[in-house]
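To start, the structure under review is shown below, and the notes come after it.
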Amino acid sequence: MCGRYTLTAPAEDLAQRFLLDLSELQTLYQPRYNIAPSQSVLAVTGDGVHLVPRWLRWGLTPAWSRDGAAGPINARSETVFDRSMFRQAIRQRRCLVPADGFYEWAGSPPHRSPRHFSLQSGQLFGLAGIWERWQSPSGDPLISVCLLTTTPNPLVAPIHDRMPVILRPEQESIWLDPAVTEHADLASLFAPYPADQMRMHEVSPAVNDPRLDTPECIRPLAAPASD
DNA sequence: CCAGACGTTGTT
DNA sequence: GTCTGG
DNA sequence: CCAGACGTTGTT
DNA sequence: GTCTGG
């Protein structure tokens, strides 16, 4: 699945890749090496014409929530159209969550071993997300987001049995098109991203602590000697 | 009909 | 063990 | 996802 | 709000 990710690119690259206004982005954006659930994350939504950046809480709080508690951080793409909790959002409130890497943990406690996955090109990519708005009895609306997951590709499979849905650039306009609401028109987007275009390396368990948010999080562990 | 849940992951 | 917070 | 708290009363 | 279970 996807419970941590990175967005380390400079604001200029991010603005160019997702067609966002740089000056608007710069007011809140800073590179992140350890983005965790419950935090405010950058998402890109579409109104059919423009791309709109939003800062959303990671952990979906549906409109009918009584207390506004954070909900699921992931939704299974295989069943997202069937679940009442996601039904409205998957049809009407899809978004991209910009990232340039994500973490998965291998093994069982107390020997869990984190890995960082990214594109071989090093480029930014868009994770498939859905969002919801919850209105507190008194106060500002809470807007939250949830990331879709799918089956792992051969690179991820040895580490985990799920991986996030990564959209290819040519799929992004379909994903963000409000006129598209049918499962049949979106199901093909949920395929695992090709393994031969991705890379992985082991990182320090220091990334376990969500308070650490530095380049150390993505630094490859020294590879074991091999000759 | 009403009541109550509504999600995923991983681990034991 | 389970829930909350980041 | 992992880390850390998990409680009340009364006092400062 | 919407779906499932009784």
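Atoms considered below: every heavy atom in the structure, side chains included; atoms not considered: hydrogens, waters and symmetry mates. Letters A, B, ... are given to chains in the order of the sequence lines, protein chains preceding strands, and every chain is numbered from 1. This structure is a prediction, so every number in the text was calculated from the model and none was measured.
Within 4.0 Å of T79(A), counting heavy atoms only, lie sugar-phosphate atoms of the nucleic acid but no base atom. Across all strands shown, G107(A) has heavy atoms under 4.0 Å from sugar-phosphate atoms exclusively, and none from any base. Within the 4.0 angstrom heavy-atom criterion, only backbone atoms of the sugar-phosphate kind lie near F86(A); the bases stay farther away. The residue A36(A) sits close to a base: some heavy atom pair falls under 4.0 Å.
Here the closest heavy-atom approach between residue W134(A) and residue G68(A) is recorded as CZ2-N, 3.3 Å.
For residues 87-99 of chain A, the pairs satisfying salt bridge (charged side-chain N to carboxylate O under 4.0 Å, His left out) are R93(A)-E132(A), with sequence neighbours left out.
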Pairing annotation in dot-bracket form, given for DNA chain E with Watson-Crick or G-U pairs under 3.5 Å and | for cross-strand partners: ||||||
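Rounded to whole Å, the P atom of dG7(B) lies 11 Å from the corresponding atom of dC3(E). Comparing the C1' positions of dC2(D) and dG10(B) gives a spacing of 12 Å, expressed to the nearest Å. Here the separation of dC1(D) from dT9(B), taken at their C1' atoms, is 9 Å to the nearest Å.
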Between side-chain atoms of residues 124-131 of chain A and protein atoms elsewhere (two or more places apart, or another chain), which donor-acceptor pairs fall under 3.5 Å?
none

Which pairs would a plain distance check flag for residues 213-221 of chain A, meaning a side-chain donor or acceptor within less than 3.5 Å of a matching protein atom at least two apart in sequence or in another chain?
residue	atom	partner	partner atom	Å
D213(A)	OD1	Y33(A)	N	2.6
D213(A)	OD1	N34(A)	N	3.1
D213(A)	OD2	R32(A)	NE	2.4
T214(A)	OG1	E216(A)	N	3.2

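In this model, the phosphate group of dC2(D) is not approached by any side-chain N or O of R4(A) to a distance below 4.0 Å at OP1 or OP2. An OP1 or OP2 oxygen of dT9(B) is reached within less than 4.0 angstrom by a side-chain nitrogen or oxygen of R76(A). Checking the phosphate oxygens (OP1, OP2) of dC2(D), no side-chain nitrogen or oxygen of S38(A) falls inside 4.0 Å.
Residues passing the side-chain contact (heavy atoms from CB on, under 4.5 Å) test with A36(A), sequence neighbours excluded: R4(A), Q39(A), P210(A). Not a single side-chain hydrogen bond (donor to acceptor under 3.5 Å, both in side chains) links R112(A) to another residue, sequence neighbours left out. In terms of the side-chain contact (heavy atoms from CB on, under 4.5 Å) criterion, residue partners of D209(A) (sequence neighbours excluded) are, by chain and number, R211(A). By the side-chain hydrogen bond (donor to acceptor under 3.5 Å, both in side chains) test, W175(A) pairs with no residue at all, sequence neighbours left out.
In the hydrophobic clustering of this structure, L176(A) does not group with V52(A); members are Ile, Leu, Val, Met, Phe, Trp, Tyr whose side-chain heavy atoms approach within less than 4.5 Å, directly or through other members.
Note: CZ (R57(A)) to P (dG7(B)) measures 18 Å, nearest angstrom. Distance CZ (R211(A)) to P (dC1(D)): 18 Å, rounded to an integer number of Å. D213(A) places its CG atom 15 Å from the P atom of dA3(D), with the value rounded to the nearest Å. Residue I90(A) contributes atom CD1, which lies 16 Å from atom C1' of dC6(B) at whole-angstrom precision. Atom-to-atom, CG of L212(A) to P of dG4(D) comes out at 12 Å; the value is rounded to the nearest Å. When the P atom of dC6(B) is taken as reference, atom CD1 of I130(A) falls 16 Å away, rounded to whole Å. Regarding Y33(A), its OH atom lies at a distance of 22 Å from the P atom of dC2(D), rounded to whole Å. Atom CG in D209(A) sits roughly 7 Å away from atom P in dA3(D) (whole-Å rounding).
Looking at P98(A) and V44(A), their side chains come closer than 4.5 Å, going by heavy atoms from C-beta outward.
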Protein-nucleotides 1-6 of chain E N/O pairs closer than 3.5 Å?
residue	atom	partner	partner atom	Å
dG1(E)	N2	W64(A)	NE1	3.3
dG1(E)	N3	W64(A)	NE1	3.4

